[in-house]
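Okay, handing you the structure first.
It should be emphasised that the depicted structure is a prediction, and the values quoted were computed from it without experimental measurement.
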Amino acid sequence: MGPDWGEKDPAWAGIVSEHREVAGHRVHLLRADGPTDGPVQLLIHGLGGAAINWLEVMRPLAERGPVLAPDLPGFGSTPPPRPGASRIEHNLAFLTALLTEEGIGAAEVHGNSMGGMLATLLAGEEPQRVTRLVLVDPALPGTERAPHRLDAGTIRLFAPFVVPSLGARLVGRMYATRTAEELVADFQDLVHADATRLRPALRDALIVNAVHGQQMPWRAEGLAVASGSLLRLLASRRRLHRALDAIVAPTLLIRGEDDRLIGRSVVDATMARRPDLDLRVLPGLGHAPMMEAPARYLEAVSDWLETPTLSAA
């Protein structure tokens, strides 16, 4: 068992780093123990993120049951097992293998952004694996009339990733010309409605992760390959629509009202397709509420998780 994150900040006491073998590949994850008779909770980070994106909410969630947050292959401290293996399809297979090798038959799954896309695919294609589902500003198709209702800066940011090699060069250039502090500031200003809300301890952890990214060439490729596969799935829509239609687990959709990355059209399209989902809109928050305002995220999630019978949205 690795170091306890409580050494970095008391709020993270009991969260430990571990390296595990999953399908013959060494991966990094964060774990927080909880009541063994409680449900296991799997937390899936978004594009360009890592398990540390969930640090602020792991300890409170662990009061319900054990919590597991992996660095997906190609992100954080988990290199892809081979070039190109950070695609959505590979990371979906990785999550299934992780649950199997951890002896977890089914879990409550939280997914943010790209992690929300992965969580949707997992719940729709392997419904026996997911008992409850929390989709946090998920990367899902928008309405047909307004599939790309995003600000111009966001469109310019993601356009190069349609060609992964071009995206990899762009990320590599960013890593080479920006300091870790600048990389984090740029990313957080895009992700959050108000990046000053992040606690200094979390910002420091993100900077350490950025330094690691600058030192590991596979991180640029991992981000680019994952971005390209994500964009292709959003463009084709069919697989995501089939998965969304097939979800049987009670599902909560959370949206930061000021999210600049996932447009309102995504919520409109998702709720039109699945009006039985529960929806919570968090005013004044951006793309990753569990980082920007963890107390509000927990307030939105905790009562819902404890509700025996969920009402329709």
Open item on the list: I'd like to know whether CD of Glu181 has more than 12 heavy-atom contacts from other residues, nucleotides or ligands below 6.0 angstrom.
Closed with: yes

- [ ] Could you tell me whether the side chain of Thr270 reaches within less than 4.5 Å of the side chain of Leu244, counting heavy atoms only?
- [x] yes

Open item on the list: Is it the case that the side chain of Arg197 and the backbone of Met291 share a donor-acceptor pair, with hydrogens and angles ignored and the cut-off at 3.5 Å?
Closed with: no

Task: Atom pair NE2/CD of His192 and Glu292 - distance to nearest 0.5 Å - done: 6.0 Å

Task: Cationic N near anionic O, under 4.0 Å, Glu89 to Arg232 - done: no

- [ ] Starting from the C-alpha separation in whole Å, work towards a yes-or-no answer on side chain to side chain contact (heavy atoms under 4.5 Å, CB included) for Tyr297 and His110.
- [x] CA-CA 11 Å; Tyr297 179 82; His110 303 230; 2.8 Å; yes

Task: Over all atoms of both residues, closest heavy-atom pair of Leu230 and Met117 - done: CG-CE, 3.7 Å

Task: Spatial distance of atom CD (Gln188) from atom CG (Leu202) [nearest 0.5 Å] - done: 7.0 Å

Task: Heavy-atom closest pair, residues Arg59 and Ala32 - done: NH1-CB, 4.2 Å

Open item on the list: Whether the Glu56 and Trp12 side chains hold a donor-acceptor pair (N or O, under 3.5 Å, no angle test) is what I'd like checked.
Closed with: yes

Task: Glu108 and Val301, any side-chain heavy atoms less than 4.5 Å apart - done: no

Task: Donor-acceptor side-chain pairing of Thr100 and Arg129 below 3.5 angstrom - done: yes

Open item on the list: I need the minimum non-hydrogen distance between Arg178 and Asp186, along with the two atoms involved.
Closed with: NH2-OD2, 2.7 Å

- [ ] Answer yes if Trp54 and Leu282 sit in the same cluster of Ile, Leu, Val, Met, Phe, Trp and Tyr residues linked by side chain heavy atoms under 4.5 Å apart, and no otherwise.
- [x] yes

Task: Smallest separation among heavy atoms of Ala300 and Leu252, with atom names - done: O-CD2, 3.8 Å

Open item on the list: Please report the interatomic distance CG(Asp33) to CD1(Ile15), rounded to the nearest 0.5 Å.
Closed with: 11.0 Å

Task: Exercise: identify the closest heavy-atom pair between Ala249 and Val130 - done: CB-O, 3.5 Å

Open item on the list: Please say yes or no: joined through hydrophobic side-chain contacts below 4.5 Å, possibly via intermediate residues, are Leu47 and Met216 part of one cluster?
Closed with: no

Task: Under-4.0 Å salt bridge between Glu306 and Arg64 - done: yes

TODO: Report the distance from atom CG of Leu30 to atom CG of Leu68, rounding to the nearest 0.5 Å.
DONE: 9.0 Å

Task: Asp245/Arg274 under salt bridge (charged side-chain N to carboxylate O under 4.0 Å, His left out): CA gap, chis, key distance, verdict - done: CA-CA 7 Å; Asp245 292 345; Arg274 289 297 304 263; 5.9 Å; no

Open item on the list: Quick check for you: to the nearest 0.5 Å, what is the distance between Arg255 atom CZ and Asp258 atom CG?
Closed with: 8.0 Å

- [ ] Measure the spacing between OG1 of Thr120 and CG of Leu253 and express it to the nearest 0.5 Å.
- [x] 9.0 Å

TODO: Apply the test salt bridge (charged side-chain N to carboxylate O under 4.0 Å, His left out) to residues Glu125 and Arg239: give CA-CA distance (whole Å), side-chain angles for both, the deciding distance (0.1 Å), then the verdict.
DONE: CA-CA 10 Å; Glu125 297 180 358; Arg239 185 175 180 184; 2.7 Å; yes

Open item on the list: If we count only N and O atoms by modelled type, under 3.5 Å, do the side chains of Thr96 and Glu126 hold a donor and an acceptor together?
Closed with: yes

Open item on the list: Tell me if a side-chain donor or acceptor on Ser229 pairs with a main-chain N or O of Ala226 at a distance below 3.5 Å.
Closed with: yes

Task: Closest contact, heavy atoms only, Ala97 versus Ala23 - done: CB-CB, 4.4 Å

Open item on the list: I'd like to know whether Ile88 forms a side chain to side chain contact (heavy atoms under 4.5 Å, CB included) with Leu121, so could you lay out the CA-CA distance, the side-chain angles of the two residues, the decisive distance to 0.1 Å, and finally the verdict.
Closed with: CA-CA 10 Å; Ile88 297 296; Leu121 291 168; 3.8 Å; yes

TODO: Indicate yes or no: does Arg20 engage Glu102 in a salt bridge with an N to O separation below 4.0 Å.
DONE: yes

- [ ] Assess Arg132 against Trp304: is NZ or CZ under 6.0 Å from the centre of the six-membered ring, and within 45 degrees of the ring's axis?
- [x] yes

Task: Atom CZ of Arg199: over 12 foreign heavy atoms under 6.0 Å - done: yes

- [ ] Using only heavy-atom distances, determine whether the side chains of Asn53 and His45 contain a donor-acceptor pair under 3.5 Å.
- [x] no

Task: Flag for Asp137-His287: side-chain donor and acceptor within less than 3.5 Å - done: no

